Amino acid sequence: MGRGFGALLRKDFKLMLSGKFFLLAAGSLLVYSFYINMVYVRLNQEIYPVIVYDPLELQSKGQQPPAIMVESQEELQAKCADAYAVGIDLSAGMTVKDAKIYMVSSGIEQLDALCSAYAQLYYQQNIFQTDTGTVSYDSTNIVGDFTKEAKNRREITCEVLFFELTAVGFLGLAAVLFREKQMGVLRVHGIVPVSCAAFLFSKLLLFFISDLLFAVVLTMVNIGVIEGMIVLPTVLLQAGLLSLIMALLGFLLAVCLPNFRQFSLLYLVLAVFITTPVFLVGQTGISWGWIIYHPMYQLFITMKKAYFGERGAGLGYYCVCVAVIAGLFLLGIWALRREVAKSGGTNNS
């Protein structure tokens with residue numbers, strides 16, 4: 001049995017190599033890391049662009065906040081016409097207490113409320129009256145226990161890892177199985193003295209290890225070695241759970257569906273209708289009460305907490321995850337045995 005399982009591992013490893021899986025993973029890692037370090041962290045990470053009209057020059061010349069300055073109210077209104085930027089009009093009086101917020105409704109009440117609250121907080125914290133009557137800029141850039149850059153790095157790294165494990169985990173193992181179907185491996189498997197459980201476990205083990213290695217390198221490169229070592233235990237736990245769930249789900253569907261075209265349609269459903277709502281709620285002001293019952297949302301939020309060193313979900317969450325993994329594994333074995341029998345094999349071990 002040990003020799004047979006070792007042969008399965010070598011065979012699956014060669015299939016992953018020939019399918020350029022590791023090359024694609026390395027390429028993705030390079031692209032993601034380049035984007036995070038060379039593009040994302042250098043962007044102006046203000047939540048909303050702030051447009052300031054200050055004809056009375058209430059701000060001191062050397063202490064202006066990181067906002068877009070305009071010369072007229074018409075220009076202020078024009079720049080805020082995209083329903084995303086927020087304007088601060090300081091023309092009504094001699095103090096910032098007389099400031100007026102100008103904004104165009106986005107059509108979403110929650111986003112408008114968030115936009116208005118942000119503008120008020122912005123000029124209260126960044127433009128304020130001092131004892132000498134001059135206006136100063138508060139440049140404090142700490143968000144909770146992290147600097148703004150550190151927070152952004154952790155957020156984008158979490159999002160990239162979640163997307164990679166969800167998409168590639170779902171597609172990767174399934175792609176290997178479809179290739180084996182074309183090669184006639186399932187027809188041959190019926191006379192090979194290796195169980196269906198070993199057939200599935202060898203694939204699952206290789207993809208699980210590769211996903212964890214991807215998570216380690218991505219985390220170390222983009223949030224730092226020391227910081228990464230601190231959060232890696234909990235991050236790897238969440239990454240491992242997500243990797244196993246998505247890989248087993250992809251395998252089960254790949255066994256049941258006759259060709260990759262039908263499988264790709266299900267992948268589009270996963271990407272558009274299942275994963276997208278999670279990112280919208282997790283990263284914007286959109287609020288849907290039902291989202292707490294979305295299983296992918298719980299996986300995403302728990303992984304995000306892991307990156308910020310927060311306490312994760314309770315025991316019930318992990319029990320559900322283990323039960324889902326065990327259930328998908330058993331379903332995968334059952335579906336594989338059924339497919340082998342249909343293909344002309346007789347191995348029901």
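Values below: every heavy atom of this structure, side chains too, minus hydrogens, waters and symmetry copies. Being a predicted model, the structure only gives us computed values, none of them experimental.
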Open item on the list: Please say yes or no: joined through hydrophobic side-chain contacts below 4.5 Å, possibly via intermediate residues, are V225 and L212 part of one cluster?
Closed with: yes
Open item on the list: With clusters defined by side-chain heavy atoms of hydrophobic residues (ILVMFWY) lying less than 4.5 Å apart, directly or transitively, does L206 cluster with L24?
Closed with: no
Task: Distance-minimising heavy-atom pair for N222 and R153 - done: O-NH1, 2.9 Å
Open item on the list: If we count only N and O atoms by modelled type, under 3.5 Å, do the side chains of T219 and Y307 hold a donor and an acceptor together?
Closed with: yes
Task: Any side-chain heavy-atom pair of V231 and R154 under 4.5 Å - done: yes
- [ ] Evaluate whether atom OH of Y318 has more than 12 neighbouring non-hydrogen atoms of other residues, nucleotides or ligands under 6.0 angstrom away.
- [x] yes
- [ ] Please tell me if the side chains of H294 and F300 come closer than 4.5 Å, counting only heavy atoms from C-beta onward.
- [x] no
Open item on the list: Pair F21, V168 - check side chain to side chain contact (heavy atoms under 4.5 Å, CB included), show working.
Closed with: CA-CA 10 Å; F21 176 82; V168 178; 3.8 Å; yes
Task: Rounded distance (nearest 0.5 Å) linking atom OG1 of T166 with atom CG of L242 - done: 4.5 Å
Task: hydrophobic_cluster_shared for M16 and L23, side chain cutoff 4.5 Å - done: no
Task: Rounded distance (nearest 0.5 Å) linking atom CZ of F162 with atom NZ of K304 - done: 11.5 Å
Task: Residues Y32, I156; criterion side chain to side chain contact (heavy atoms under 4.5 Å, CB included); working and verdict - done: CA-CA 10 Å; Y32 291 142; I156 189 64; over 6 Å; no
Task: Minimum heavy-atom distance A197-I333, with the two atoms named - done: CB-CD1, 3.7 Å
Task: L336 side chain reached by F251 side chain, heavy atoms, under 4.5 Å - done: yes
Task: Parallel, tilted or perpendicular, as decided by the 30° and 60° cut-offs, for the rings of F22 and F13 - done: tilted
- [ ] Evaluate the criterion side chain to side chain contact (heavy atoms under 4.5 Å, CB included) for residue pair L330 and W334; output intermediate values, then yes/no.
- [x] CA-CA 6 Å; L330 294 175; W334 171 81; over 6 Å; no
Open item on the list: Between F199 and L177, is the side chain to side chain contact (heavy atoms under 4.5 Å, CB included) condition met? List the steps.
Closed with: CA-CA 10 Å; F199 183 86; L177 182 63; 4.1 Å; yes
TODO: Find the distance between CG (L241) and CE (M246) and round it off to the nearest 0.5 Å.
DONE: 13.0 Å
Task: Nearest-0.5 Å distance that lies between atom NZ in K11 and atom NZ in K203 - done: 3.5 Å
Task: Least distance between heavy atoms, S243 atom then F207 atom - done: OG-O, 4.2 Å
Task: Pairwise side-chain contact, L248 with L252, heavy-atom cut-off 4.5 Å (strictly under) - done: no
Open item on the list: Is there a path of hydrophobic side-chain contacts, each under 4.5 Å between heavy atoms, that joins V160 and Y35?
Closed with: yes
- [ ] Supply the atom-to-atom distance S33 OG to M38 CE, rounded to the nearest 0.5 angstrom.
- [x] 12.0 Å
- [ ] Looking only at non-hydrogen atoms, find the nearest pair between C321 and L299 and report the distance.
- [x] SG-CD2, 4.2 Å
Task: Hphob cluster co-occupancy, V176 + L213, side-chain heavy atoms under 4.5 angstrom - done: yes
Open item on the list: Counting C-beta onward and ignoring hydrogens, is there a side-chain heavy-atom pair between F263 and F170 closer than 4.5 Å?
Closed with: yes
Task: Interatomic spacing from CG in L236 to CD in Q238 - rounded to 0.5 Å - done: 10.0 Å
Open item on the list: Do T234 and K305 make a side-chain contact, defined as non-hydrogen atoms from C-beta onward lying under 4.5 Å apart?
Closed with: no
TODO: Of all the heavy-atom pairs spanning L173 and A247, show the shortest one and how long it is.
DONE: CD1-CB, 4.1 Å
TODO: Count the heavy atoms belonging to other residues, nucleotides or ligands that lie under 6.0 Å from CZ of F163, then report whether that count exceeds 12.
DONE: no
Open item on the list: Against V235, only a single residue in V216, L218, L161 fulfils side chain to side chain contact (heavy atoms under 4.5 Å, CB included); can you say which?
Closed with: L161
Open item on the list: Testing the basics here: between G240 and F208, what is the closest heavy-atom pair and its distance to 0.1 Å?
Closed with: CA-CE1, 3.5 Å
